[in-house]
Peer 1: 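Below is one structure. I have some questions about it.
Keep in mind that this is a model prediction, so the values were computed, not measured.
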Amino acid sequence: MTNERIRKVIKERKDILGINQEYLAELSEVGVSTLKRFESGKGNITLNNLHKIADVLGLEIKLELKKPNK
């Protein structure tokens, strides 16, 4: 999954739950500036912070084997 897709999923889930960046940052204990940079596409996020955000949003991070290219 690309960073762009992750950002989109996070934004969609925030919209569904009716929460803003500041509240998500508070609940997840991730800096609001970190969250804003990531969501704007101007920064990366650590796996640890992504896990915190996903947990607050009721999302799960999974690793799966890629399907082989034919």
Side-chain angles (χ1 to χ4, degrees):
M1 184 178 279
T2 65
N3 279 351
E4 183 178 330
R5 179 71 180 126
I6 293 169
R7 285 192 297 270
K8 184 178 180 189
V9 169
I10 289 171
K11 182 178 180 343
E12 288 172 354
R13 187 68 178 155
K14 280 183 4 207
D15 290 345
I16 288 168
L17 297 174
I19 61 175
N20 60 26
Q21 286 178 327
E22 290 78 12
Y23 192 51
L24 177 56
E26 180 183 333
L27 293 174
S28 63
E29 298 179 349
V30 172
V32 70
S33 60
T34 298
L35 185 57
K36 285 183 177 188
R37 278 193 311 273
F38 179 68
E39 283 196 39
S40 69
K42 296 179 181 172
N44 291 317
I45 196 160
T46 65
L47 183 57
N48 186 50
N49 282 344
L50 183 58
H51 184 268
K52 290 177 183 179
I53 292 165
D55 190 49
V56 168
L57 295 175
L59 299 170
E60 184 176 87
I61 299 170
K62 295 186 342 181
L63 292 175
E64 296 179 354
L65 290 174
K66 289 182 177 182
K67 294 180 183 175
N69 294 330
K70 291 185 178 183

Peer 1: According to a hydrophobic-cluster definition based on side-chain heavy atoms being under 4.5 Å apart (Ile, Leu, Val, Met, Phe, Trp, Tyr only), do Leu17 and Leu35 belong together?
Peer 2: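 Result: yes, single cluster for both.
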Peer 1: Report the C-alpha separation of Lys11 and Gln21 in whole Å, then their side-chain angles, then the decisive distance to 0.1 Å, and conclude whether the side chain to side chain contact (heavy atoms under 4.5 Å, CB included) test is met.
Peer 2: CA-CA 9 Å; Lys11 182 178 180 343; Gln21 286 178 327; over 6 Å; no
Peer 1: Between Glu64 and Lys62, does at least one N-O distance fall below 4.0 Å, as a salt bridge requires?
Peer 2: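 A salt bridge is present here (some side-chain N lies under 4.0 Å from a carboxylate O).
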Peer 1: So do Ile45 and Asn3 actually touch side chain to side chain, heavy atoms under 4.5 Å?
Peer 2: no
Peer 1: Once you round to the nearest 0.5 Å, how far does CZ of Arg7 lie from OG1 of Thr2?
Peer 2: 7.5 Å
Peer 1: Quick one: does Ile10's side chain get under 4.5 Å of Phe38's, heavy atoms only?
Peer 2: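 Ile10 vs Phe38: side chains touch.
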Peer 1: Taking Val32 as the starting point, is it possible to reach Ile6 by hopping between hydrophobic residues whose side chains are less than 4.5 Å apart?
Peer 2: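 Ile6 does not cluster with Val32.
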Peer 1: Taking the basic N atoms (NZ, or NE/NH1/NH2) and the acidic carboxylate oxygens, is any pair closer than 4.0 Å for Lys36 and Glu22?
Peer 2: yes
Peer 1: Return yes if some donor-acceptor pair links the side-chain N/O of Arg13 with the main-chain N/O of Leu57 below 3.5 Å, else return no.
Peer 2: yes
Peer 1: Using modelled atom types and a 3.5 Å cut-off, is there a donor and acceptor pairing between side-chain atoms of Ser28 and backbone atoms of Leu24?
Peer 2: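 Checked: pair present.
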Peer 1: Quick check: do Thr46 and Asn49 have side-chain heavy atoms less than 4.5 Å from each other?
Peer 2: yes
Peer 1: Of the non-hydrogen atoms in Gly31 and Ala25, which two are nearest, and what is the gap between them?
Peer 2: C-CB, 4.2 Å
Peer 1: Could you tell me the separation between the CG atom of Leu50 and the CD1 atom of Ile61, rounded to the nearest 0.5 Å?
Peer 2: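 With rounding to 0.5 Å, CG (Leu50) is 4.0 Å from CD1 (Ile61).
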